[in-house]
**Q** 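This is the structure I want to talk about, given as C-alpha cells.
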Amino acid sequence: MEQADRVIAKTYKRFPIVLEKGSGCTLYDTQGRRYTDFVAGIAVCNLGHSHPGVIKAISDQVQTLTHVSNLYYTIPQVELAAWLVTHSFADRVFFCNSGAEANEAAIKLARKYFNERGEKSRFRIITMEHSFHGRTMATLSATGQDKIKKGFDPVLEGFDYVPFNDLEALRSKIDASTCAVMLEPIQGEGGVRCPDAGYLKAVRQVCDASGVLLIFDEIQTGMGRTGRLFAYEHFDVAPDIMTLAKALANGLPIGAMLATDQVAEAFGPGAHASTFGGTPLVTAAALEVCKTLVPGGVLNQGREAGAYFKEKLRWLKARHETIVDYRGLGLLLGIKLAINGESLVNHCLQRGFLVNCIQENILRFVPPLIIQKEEIDALIDCLDEIFTELENKSE
Ligand SMILES: *Cc1c(COP(=O)(O)O)cnc(C)c1O
C-alpha cells in the first residue's frame, strides 16, 4: 500500500485492504480476511469472481488466439455480435474497450448520421443532469455533473443538459441543432435514480416527433443488472443506439456500441476504429457471459435476488430514520441517507462487507447476480446494527 501511494497516480482514494483472490461473491485480502462483495468491481463481475465457465472460455481462447486485428475476421467476435443482435433491438455492433469508448462511438455515430444526410448543423446532444457517461473529453462533456468537469475546461462543444424525468425541459431544449438525446435508463453513478412511469416512452415519442436519435447508455444497467438483459425492456421502449461495457465480459475490458441498421449505416470503413476492439480473447469471455446469463438462468436468479433485496431495504428503511429513501431495480439498488455515507462504508468493510457510497449520501448495492439470500440477510443485519448504534449515539 505504501509503494502504491508512491508510484500510482492519485486518481483513486483507496480503502486500506489488498484484495488477493475471489470466488463467487466472496473476496479475500492478503491478511486472509474475507468480504462479501456488494460492489462487484462496480457492476462488472455479474457472474461473480473466478466463474468456472468464464475461466475456461478465457483459458481456451488464450491458448488459441488472443489478438490479430480488425483487418481480419475472427470467430468469437462475430458470435458475440450475433448474440447481442439476436437479443436486442440492434442490428450491428461496434466493439471497443471501455464504457467511455462505447459512448465516444455513440456520440460520433450520432453526429455522423446527420452529417451523412447533409444536416451538418445538427450536432448537439441533450443529456441529463446527474448523468454519468465517462471520463474522456467527449464523455465528460456529455456528463451532467460539474464535479467531473472541474479543471478540464474548455469541455467539448455541443452538449445541453436537462433534468432527468422532466419532459417539458426536454421538449423545450430540442431544436434544429439537436442530433440526439442520450441517457441512462436508470442513472447509476448519479445516485440510482429511476425514471418516472411513462417517462422513457415519452422521451422516445419526443425524439421521434423531432427526428432526433435516442441513445441509451446501458453500460451499468445492461447485462442483467436490473433483472432484464437490458433495462430498456422494462419500459417498453427501444433506443436507436445503445452502449454496453462493465459486465459484458465479467471483468475483461470491453465496450460495445449497438445500433439499428439505418443508423449504423453512417459508419463506413475508416469512419471509426479501435486496435483492441473485440479481440478474440475478450469476446470469447463475453460470449460465455451471455450464454450463462440467459439460457443459464443467472438473469432470473439476479431478478429474484433483487426483489428479495429490495424488500429487505424497505424493511430496513422502516426501522431507521437515517434512511431517507430506498430505490432501484433488480440488483442496481441504493439507499439514500440523511448523513454522509463514507463512515458507513468503513463500518461495513470492518465487518466484512464491501459496499459503495456515491454522491456522498447514497449507498449503492450492485453485487454479482448470483448473490444468495443468506448473503443479503447478513448485509442487512450488519446495516441494521450499524444504523442502530449510530442512532442510539446521536440521541
Ligand atoms: C461506468 C460507466 C461509464 C464509463 O465506463 P468506463 O468503462 O469507466 O469508461 C459510462 N456510463 C455509465 C452509465 C457507467 O456506469
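On a predicted model such as this, the values are computed, not experimentally measured, just so you know. Atoms within each ligand, like the ligands themselves, are counted from 1 in listed order. In this chain, numbering begins with 1 at the start of the sequence shown. Just so it is clear, the values below take in all heavy atoms, side chains as well, and ignore hydrogens, waters and symmetry mates.
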**Q** Determine whether the aromatic ring centres of residues Phe267 and Tyr113 are separated by less than 6.0 angstrom.
**A** no

**Q** Need the ligand 1 atom indices (1-based, order shown) with element for anything under 4.0 Å from a heavy-atom of Asn103.
**A** 10 (C), 11 (N)

**Q** Does the N or O separation between Glu101 and ligand 1 drop below 3.5 Å for any pair?
**A**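 In fact, backbone or side chain, Glu101 has no N or O that close.
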
**Q** Which of the numbered atoms in ligand 1 are below 4.0 angstrom from a heavy atom of Asp217?
**A**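 With Asp217 as reference, the close atoms of ligand 1 come out as 10 (C), 11 (N), 12 (C), 13 (C).
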
**Q** Any N or O of Glu189 that comes nearer than 3.5 Å to an N or O of ligand 1?
**A**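 Glu189 vs ligand 1: no N/O contact under 3.5 Å.
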
**Q** Are the aromatic ring centres of Phe38 and Phe309 under 6.0 angstrom apart?
**A**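 Centroid separation for Phe38 and Phe309: below 6.0 Å.
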
**Q** For this output row, return yes or no: ring centroids of Tyr35 and Phe353 closer than 6.0 angstrom.
**A** no

**Q** Within the 4.0 Å heavy-atom shell around Ser98, which atoms of ligand 1 are there?
**A**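 Close to Ser98: 7 (O), 9 (O).
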
**Q** Can you find a protein heavy atom closer to atom 8 (O) of ligand 1 than 4.0 Å?
**A**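 Flag for atom 8 (O) of ligand 1 set to false, no protein heavy atom closer than 4.0 Å.
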
**Q** Please list, in number order, the atoms of ligand 1 under 4.0 Å from a heavy atom of Ala100.
**A** 4 (C), 5 (O), 6 (P), 9 (O)

**Q** When only distance counts, is Gly99 in polar contact with ligand 1, meaning an N/O pair under 3.5 Å?
**A** yes

**Q** What atoms of ligand 1 come within less than 4.0 Å of a heavy atom belonging to Gln220?
**A** 15 (O)

**Q** Below 3.5 angstrom, do we get any N/O pair linking Phe132 and ligand 1?
**A** yes

**Q** Any chance the rings of Tyr199 and Phe164 have centres within less than 6.0 Å?
**A** yes

**Q** Relative to the heavy atoms of Lys246, which atoms of ligand 1 are at a distance of less than 4.0 Å?
**A** 1 (C), 2 (C), 3 (C), 14 (C), 15 (O)

